[in-house]
Amino acid sequence: MPEGPSILLMKDNLSQFVGKKVLEAAGSSIPDKKQLVGKILKEIRLYGKQTYLILDDCCIRIHLLMFGSYEVDEQTKPDKNLRLALSFKNGKAYFYTCSVKLLPLDILKTIDWEADVMSDIWNPEKAKQKLKASPDMMVCDALLDQEIFSGVGNIIKNEVLFRIGVHPESVTGHLPAAKLNALISEARIYSFDFLKWKSNNTLKKHWQAYHQKTCPICGKPLTSKITGKSKRNSFFCETDQKLY
DNA sequence: AACTTTGTTAGCAA
DNA sequence: CTTGCTAACAAAGT
């Protein structure tokens, strides 16, 4: 169940199969397994929450959506949820309850890789331009917009807004320059904190706002509210997060 | 046991 | 044809 950082961990787990040949394919998402068998997994590339398994002449796009999961080597989950399984000589990869689509390699050229907040080529200036182009958008929606902050999900949204002291229903066009910059930089910084804490199983322990009862700064109760066009839950402090 | 949820998209109305 | 909204869908944890 994945936001961007969790997908990065998945990529690490799958990297042992890069350069290896697909010996066998299974699962409900790919009707014609022959398209995959015999192909080499050339590279794994991420775009936010999307994973591209790049083969010789096509690629597989995997999105775990809300409830998807994966396993390496051993299948412990039921076949009915199995969307894709790939066998290599050194092990197997299983993907459950997710979106799996076989696509032409051309699709890779259409992706704005610089929009991925965890990418080496993340482009904060470009994000700023996109935000300025939508000055009426609420910040809670802006952070979840995968065209602007690819990889950010609801947890990252809430923690970033708490860290920078901005109310989720603030409008991007009203943010002072310093807050706008903080929004953009913290989206990346928190994502890497998420990655670090997720890896050592202490993610929940570090939540300051998401699903928390009281504000760690002032001790008052946090507000929980469905916000913005995205209609996702926001957890925030009315005192310490300013509405712009 | 009912409710929630780390997300997206098909489908339809305007 | 585009924009915007809602419903649908998924499965595991609380």
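From a predicted model like this one, the values you see are computed outputs, not experimental measurements. Within every chain, numbering begins at 1; the chains are lettered A, B, ... in the order of the sequence lines, protein sequences first and strands thereafter.
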Write down the distance between CG (A:Leu144) and P (B:dG7), rounded to a whole number of angstrom.
7 Å
Quick one: do A:Asp112 and A:Lys126 make a salt bridge, cutoff under 4.0 Å?
yes
To the nearest Å, give me how far apart CD (A:Glu147) and P (C:dT3) are.
12 Å
Please give, in whole Å, the distance from B:dG7 P to A:Asn158 CG?
11 Å
Between C1' of B:dG7 and CZ of A:Arg83, the distance in whole Å
15 Å
Assess the pair A:His211 and A:Phe235: is the distance between their ring centroids shorter than 6.0 Å?
yes
Within this structure, what is the CG-to-C1' distance between A:Asp136 and C:dG4, rounded to whole angstrom?
15 Å
In whole angstrom, what separates A:Lys80's NZ from C:dA12's C1'?
11 Å
For a quick test of reading the model: is some side-chain N or O of A:His211 closer than 4.0 Å to OP1 or OP2 of B:dT5?
yes
Mind calculating the distance between CD1 (A:Ile226) and C1' (B:dT4) to the nearest angstrom?
10 Å
So does A:Arg232 get a side-chain nitrogen or oxygen closer than 4.0 Å to the phosphate oxygens (OP1/OP2) of B:dG7?
yes
Write down the distance between NZ (A:Lys225) and P (B:dT4), rounded to a whole number of angstrom.
18 Å
A:Lys229 or A:Asn81: which one's nearest nucleotide on DNA chain C is closer to the 5' end?
A:Lys229
Looking only at the side chains, is there a donor atom on one of A:Ser150 and A:Asp116 sitting less than 3.5 Å from an acceptor on the other?
no
Distance check: side-chain N/O of A:Lys231 vs OP1/OP2 of C:dT6, anything under 4.0 Å?
yes
Can you see whether A:Ser234 engages A:Lys157 through a side-chain donor-acceptor pair at a distance of less than 3.5 angstrom?
yes
Does B:dT5 have OP1 or OP2 sitting under 4.0 Å from an N or O in the side chain of A:Asn233?
yes
Does C:dA10 have a Watson-Crick or wobble mate here (both distances under 3.5 Å), and if so which one?
none
For B:dT8, does either OP1 or OP2 sit under 4.0 Å from a side-chain N or O belonging to A:Lys49?
yes
Just checking, any donor-acceptor pair under 3.5 angstrom between side chains of A:Thr76 and A:Glu71?
yes
Under 4.0 Å, heavy atoms only, any strand: does A:Lys204 hit a base, just the sugar-phosphate, or nothing?
sugar-phosphate
